[in-house]
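Side chains are part of it too, since the values below use all heavy atoms of this structure and drop only hydrogens, waters and symmetry mates. Residues take their numbers from the sequence shown, with the count starting at 1.
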Amino acid sequence: MNLGQTQTSGAAAAFVQMIELARMQRLSVTDLFGYAEARSAAGARAEAVEVYKAWLAYNEAHPLTHLVYFNYAVTLRQAGDLTGSIHALRAALMVEPKFGQAQINLGRAYEDAGLGVLAIQQWRSFIDLTAESTPDKVGHRVMVLQHIGRVMENAGLLEDAEPYLWQAIELRPDKLETGQHWSAIRQRLCKWPILTPSEHVSLRQLIDALSPLALGSYADDPIFQLAKAYRYNKSLVGRPDTSGHPRKSVARKSGTGTRLRIGYVSSDLRDHAVGFALREVLELHDKSRVEVYAYYCGDPVANDPTQNRMKAAIDCWREIGPMTDEAAARQIAADDIDILIDVNGYTKHARTRIFAYRPAPVIVNFCGYPGSMGSPFHQYMITDELVVPEENRVYYSEAIKYIPCTQPVDRKRFIAEKPSRKEAGLPEKAFVYACFNGMQKITQATFGQWMQILAAVPNSVLWLLTGGDNVDQRLRDLAKVAGVEAERLIFAPKAGNAQHLARVGVADLFLDTFPYGAHSTAADALTVGLPVLTYPGKTFAARFCHSIVHAVGLPELICSGPQDYVARAIAYGRERKALQAVRDQLAARRETSVLRDMPGLARRLEDIYWEMQEEAERGETPVPDLRNLDVYYEVGAELVQANLVYQDDAAYRAQYLEKLAAQHDFAPIPFDSRLWTAEAARR
């Protein structure tokens, strides 16, 4: 008998012994758990299951039966037996109805079985059972409230999700993730003011909980936006163990004729605004200069037209969604990527931790996120000089490389036949103002400006994308309060992308939102001949739209501020000939504009990638500047509570310097290269 046979025989004997001990009620819970965990770890999960079954059959009166049922359920789940796991969890709760972790896991099991309604019912019943408070019960209650809110949010039941998340916030306001979801939901529901403190939750705590993306729709504050990204990165990514991931050395490629290997990482390389933007650029990359890899980390999609085009255009497509962050980083490192581009930033399904392992010598922030990453590992950002003018570089931790326009477009995009106004649900003779930005971008101030415009332009309407019946009605009610007839707000139902693009062109004038303006939506409107009226702020999100409008050659549509925006919108609504002249200019300039020059953009990107490579070979890759960002965060968190709608640059910087000077007087702040310079301190 060899060693392997001896080990197998020993395991079999131990299994038989455990069954017998369980039958005789002589197997302790500790020994049971130890044996089951060991066999599961050894790949013999079926043996663990059988021992659990034997113990439960003969030890029904044991005081810890509910714990055994729970561990049994976990083992069944690991073995792929979801139905058996549900039965075991129900049995645990028959023994101990207030067993919080079993209540939570049972709801999760229902959710994984596609039974979201049952999951919510399960968690609701637990909330009813835990009205009295102990630390454990409060913790479990918070977790259940979060789960209910999350499932409802994913199902589009935003109105229902909001109160559950708010209950969780009031119990644990330090749980930032709950606040992130709650505030994002309120933005999508147009519930103003967005942040509503209570005696249990302060305004500062709600501001701390805002995600960087949601902050972009809340405040035009670029230094706080950077500091928020910095704190978010520390919380989201932290400092993973990178000891097994040596830094990739820079390959010597300049002047050798060797191609540069570029990697794009994104969850949005599919039929998505980012995918639509990038797919022609990927097709136009010069394969004699660059070798293109794509790393897709989104949900699997079948026969996706955008993915099909990308796969046909690039050198290598990898699905990294199922991989851990560490495994994905190892794959990228094994592929010897020279320049790695993060096309997600802090957006849905982002895999930011991958970049923390530094799987490529150069890491770039481009196209997916409107702002600085505030991270120690994103070295460059690619944008244009209108989004980030020279004087605004201080609001970004990355070194900036400039392209002509930050918004790529796909000139091959299919557009359906343009409908009539009647077919689009619009009055034939009215002046149609439109905004097709998401509801989360509509602020109370922007909506107020729109109501001023409608009130001043008779026979005008405002055309918006539907936010759902409740949101649409909320906005109609607010219009009535502002003295505008509710029926003058018209909501466009959801439509296929090609059909939506076609209908956009029947409007007269697109009205941008502030501080988070239109991005790809503005490019789409201009593509189908709809002029876009906007004004720039200070953040990336607040400056992007005016860059797009400028790139198409229509500077007359860029206003100096909110008052000018309202005045010009009214003027165009009253004088249609002036607007027709703008439309004619758009038609004449669009195809030859910077916005549509995709071959030029592809060449410029390749030049930038090679510039980065040469800098890396010379040892000149920039180090992100993260100095004093905790200080800027504290100052910004105080200032943003006033939620000022619009400030000019001078007033904005002055308020920061005043606060920084007062703080420096109390406890010296080291000088940096942003706002708190030695020169600024002497003023």
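The aromatic rings of Y395 and Y652 sit perpendicular to each other, their planes meeting at more than 60°, with 30° as the lower class boundary. Between F436 and W463, the ring planes lie perpendicular to each other; the angle is over 60°, past the 30° to 60° tilted range.
The minimum heavy-atom distance between L195 and S183, with the atom names listed, is CD2-CB, 4.0 Å. Scanning both residues, W676 and P670, for their nearest heavy atoms gives CD1-O, 3.5 Å. The two atoms that bring I223 and Y632 nearest to each other are CG1-CD2, 3.6 Å, heavy atoms only. Shortest non-hydrogen contact noted between L226 and V394 is CD2-O, 4.3 Å. When all heavy atoms of E634 and R231 are compared, the closest pair comes out as OE2-NH1, 3.8 Å. Closest approach of D220 to A542, counting heavy atoms only: OD1-CB, 3.6 Å.
The side-chain tip of K538 points at the ring of Y646 from less than 6.0 angstrom away and within 45° of straight on.
The main-chain N or O of G537 is found under 3.5 Å from a side-chain atom of R543 such that the two form a donor-acceptor pair. Side-chain atoms of R583 come within 3.5 Å of backbone atoms of G529 as a donor-acceptor pair (strictly under, hydrogens ignored). R204 contributes no side-chain N or O that, together with a main-chain N or O of A637, makes up a donor-acceptor pair within less than 3.5 Å. Formation of a donor-acceptor pair under 3.5 Å by the Q187 side chain with backbone atoms of A214 is found in this model. A donor-acceptor pair under 3.5 Å links the side-chain atoms of K441 to the main chain of G517, judged by distance alone. Side-chain atoms of H500 do not come within 3.5 Å of backbone N or O of A495 as any donor-acceptor pair. Put simply, the side chain of R604 gets close to the backbone of Y402: a donor and an acceptor are under 3.5 Å apart. Checking side-chain atoms of K228 against main-chain N and O of I207 turns up a donor-acceptor pair under 3.5 Å. The closest donor-acceptor contact from the side chain of S267 to the backbone of K348 lies under 3.5 Å.
E391 CD: more than 12 foreign heavy atoms inside a 6.0 Å radius. By the 6.0 Å contact criterion, CD on Q580 is enclosed, its count of non-hydrogen atoms from other residues, nucleotides or ligands being greater than 12. Shown here is K234, whose NZ atom has more than 12 heavy atoms of other residues, nucleotides or ligands within 6.0 Å. Annotation: E485, atom CD; neighbour count of heavy atoms from other residues, nucleotides and ligands within 6.0 Å is above 12. Enclosure of atom CD in Q647 by more than 12 non-hydrogen atoms of other residues, nucleotides or ligands within 6.0 angstrom is indicated. In this structure, K191 places its NZ atom where more than 12 heavy-atom neighbours from other residues, nucleotides or ligands lie under 6.0 Å away.
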Dump the intermediate steps for salt bridge (charged side-chain N to carboxylate O under 4.0 Å, His left out) on D649 and R653, then the final yes or no.
-> CA-CA 6 Å; D649 290 351; R653 292 192 179 213; over 6 Å; no
Would you please test Y369 and M381 for side-chain contact (heavy atoms from CB on, under 4.5 Å) and show each step?
-> CA-CA 10 Å; Y369 173 69; M381 183 172 75; over 6 Å; no
Any chance you could lay out the side-chain contact (heavy atoms from CB on, under 4.5 Å) test for L586 and D584, step after step, and finish with the verdict?
-> CA-CA 5 Å; L586 174 57; D584 292 342; over 6 Å; no
Residues E162, R186; criterion salt bridge (charged side-chain N to carboxylate O under 4.0 Å, His left out); working and verdict | CA-CA 8 Å; E162 185 202 348; R186 285 182 65 84; 2.6 Å; yes
What do the steps show when you test M598 against V281 for side-chain contact (heavy atoms from CB on, under 4.5 Å), and what is the final call?
-> CA-CA 6 Å; M598 290 304 99; V281 171; 4.1 Å; yes
Go through the steps for R393 and V388 under the test side-chain contact (heavy atoms from CB on, under 4.5 Å), then give the verdict.
-> CA-CA 6 Å; R393 284 182 178 238; V388 183; 4.3 Å; yes
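Checking T406 against S547 by side-chain atom types alone, no donor-acceptor pair falls below 3.5 Å. At a cut-off of 3.5 Å, with distance as the only test, a side-chain donor of R488 or S460 sits close to an acceptor on the other residue. No side-chain donor-acceptor contact under 3.5 Å links Y516 and N437. For the residue pair T527 and R413, no side-chain donor N or O sits within less than 3.5 Å of a side-chain acceptor on the partner. Side-chain atoms of Q407 and H519 include no donor-acceptor pair closer than 3.5 Å. Judged purely by distance below 3.5 Å, without hydrogens or angles, the side chains of H349 and N344 never pair a donor atom with an acceptor atom. Checked by atom type, the side-chain pair S372/Q225 shows no donor-acceptor distance below 3.5 Å. Of the N and O atoms on the side chains of D508 and Y572, not one donor lies less than 3.5 Å from an acceptor on the other residue. Side-chain polar atoms of S397 and D625 form no donor-acceptor pair below 3.5 angstrom. D477 and Q473 share a donor-acceptor pair across their side chains, judged by distance under 3.5 Å alone. Between the side chains of N233 and Y346, at least one donor N or O sits under 3.5 Å from an acceptor N or O. No hydrogens or angles considered: nothing links the side chains of N628 and Y633 as a donor-acceptor pair under 3.5 Å.
In this structure, the separation between CG on L210 and CD on Q205 is 12.5 Å, given to the nearest 0.5 Å. Distance check, rounded to the nearest 0.5 Å: CD1 of I169 to CD of Q180 gives 10.0 Å. Between L526 atom CG and L554 atom CG the span is 7.0 Å, to the nearest 0.5 Å. Once rounded to the nearest 0.5 Å, the distance linking OH of Y380 with CD of E398 reads 12.0 Å. How far CZ of F447 is from CG of L478: 5.5 Å, rounded to the nearest 0.5 Å. Atoms CD1 and CZ, from I453 and R568 in turn, are 12.5 Å apart once rounded to the nearest 0.5 Å.
The shortest side-chain heavy-atom distance between R474 and E159 falls under the 4.5 Å cut-off. Using a 4.5 Å cut-off on side-chain heavy atoms (C-beta onward), L489 and L454 make contact. Considering only heavy atoms from C-beta on, L557 stays 4.5 Å or farther from T534 through its side chain. Between Y535 and D564 there is no side-chain heavy-atom pair separated by less than 4.5 Å. The side-chain heavy atoms of Q449 and F514, taken from C-beta on, include no pair separated by under 4.5 Å.
Annotation: Y433 is in aromatic contact with F431 [ring centroid separation under 6.0 Å]. The aromatic ring centroids of H378 and F355 lie less than 6.0 Å from each other.
If you run side chain to side chain contact (heavy atoms under 4.5 Å, CB included) between V432 and each of L462, V461, L530, only V461 comes through.
The pair E638-K659 meets the salt-bridge criterion, since a charged nitrogen lies less than 4.0 angstrom from a carboxylate oxygen. A salt bridge links R172 to D174: one of the charged nitrogens lies within less than 4.0 Å of a carboxylate oxygen.
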